[in-house]
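The figures here come from the full heavy-atom set of this structure, side chains too, leaving out hydrogens, waters and symmetry mates.
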Amino acid sequence: QVQLVESGGGLVQAGGSLRLSCAASGRTFSSYAMGWFRQAPGKEREFVAAISWSGASTTYADSVKGRFTISRDNAKNTVYLQMNSLKPEDTAVYYCAARSYSYIKAPLGGADFTSWGQGTQVTVSS
């Protein structure tokens, strides 16, 4: 399994931007599709975005489509989540996840991913 470490979370005002990073260990990072999930207090974990091994395919939750962008740099073993036009309802712990397949499909849920990071807090103030 691949080990994942997220960073880049923090406090931002509504309308602002943040970029989350997820650094992965292991030489097989490029063979994994990757995803981002989030969990707000008192709510279930929800899918945010995913990207195929090459970066050619991406998919997003409707709630973030047009505002968030997932990307990856296989040379750096890192996946990113650029979050723009943030809203208070985006407040959550954000988790990076690795899928033991190189491709993505829709829909995707937590059960489709096998490795998880520890999470990074994103707080959007109104």
Side-chain angles (χ1 to χ4, degrees):
Q1 288 189 343
V2 63
Q3 293 185 326
L4 306 171
V5 179
E6 302 97 334
S7 62
L11 174 64
V12 64
Q13 288 188 331
S17 298
L18 281 175
R19 188 177 81 155
L20 305 183
S21 299
C22 173
S25 64
R27 291 175 290 179
T28 59
F29 173 74
S30 61
S31 65
Y32 292 89
M34 300 295 294
W36 287 95
F37 288 75
R38 66 187 182 186
Q39 186 167 20
K43 295 187 177 181
E44 294 186 353
R45 181 179 60 191
E46 65 173 351
F47 170 78
V48 175
I51 187 167
S52 64
W53 72 275
S54 66
S57 298
T58 58
T59 184
Y60 297 90
D62 288 342
S63 58
V64 306
K65 203 171 292 183
R67 300 187 298 123
F68 290 11
T69 302
I70 188 171
S71 61
R72 66 189 296 161
D73 185 338
N74 288 341
K76 296 182 178 180
N77 280 13
T78 303
V79 63
Y80 305 97
L81 185 68
Q82 177 66 45
M83 305 186 295
N84 298 329
S85 302
L86 283 161
K87 305 175 181 180
E89 51 264 42
D90 294 318
T91 295
V93 177
Y94 282 71
Y95 297 92
C96 174
R99 173 167 158 79
S100 57
Y101 296 95
S102 60
Y103 63 91
I104 57 173
K105 61 181 179 68
L108 282 167
D112 294 307
F113 293 81
T114 54
S115 298
W116 295 83
Q118 83 290 349
T120 185
Q121 177 70 47
V122 172
T123 303
V124 184
S125 63
S126 56

Pairs where residues 100-126 contributes a residue and the test ring-ring contact (aromatic ring centres under 6.0 Å, His included) is met, not counting sequence neighbours: F37-F113, F37-W116, Y101-Y103
Which residues share a side-chain contact (heavy atoms from CB on, under 4.5 Å) with S57, sequence neighbours left out: S52, I104
All side-chain contact (heavy atoms from CB on, under 4.5 Å) counterparts of Q13, not counting sequence neighbours: S125
Side-chain hydrophobic cluster, 4.5 Å single linkage: members besides Y80: none
Where at least one partner belongs to residues 97-126, residue pairs that pass disulfide bond (SG atoms under 2.5 Å apart), sequence neighbours excluded: none
Test salt bridge (Lys or Arg N to Asp or Glu O under 4.0 Å) applied to K65 - qualifying residues, sequence neighbours left out: D62
Qualifying salt bridge (charged side-chain N to carboxylate O under 4.0 Å, His left out) pairs, either residue in residues 100-109, two or more places apart: K105-D112
Side-chain cluster (under 4.5 Å, hydrophobic types only) that V79 belongs to, other residues: V2, L4, V12, L18, L20, F29, Y32, M34, W36, V48, I51, Y60, V64, F68, I70, L81, M83, L86, Y94, V122, V124
For Q121, all residues meeting side-chain contact (heavy atoms from CB on, under 4.5 Å), sequence neighbours excluded: T91, V93, T123
Sequence neighbours excluded - salt bridge (charged side-chain N to carboxylate O under 4.0 Å, His left out) pairs with any residue from residues 87-98: R38-D90, R67-D90
Residues that S7 engages under side chain to side chain donor-acceptor pair (under 3.5 Å), provided they are two or more places apart: none
Test side chain to side chain donor-acceptor pair (under 3.5 Å) applied to N84 - qualifying residues, sequence neighbours left out: S17, Q82
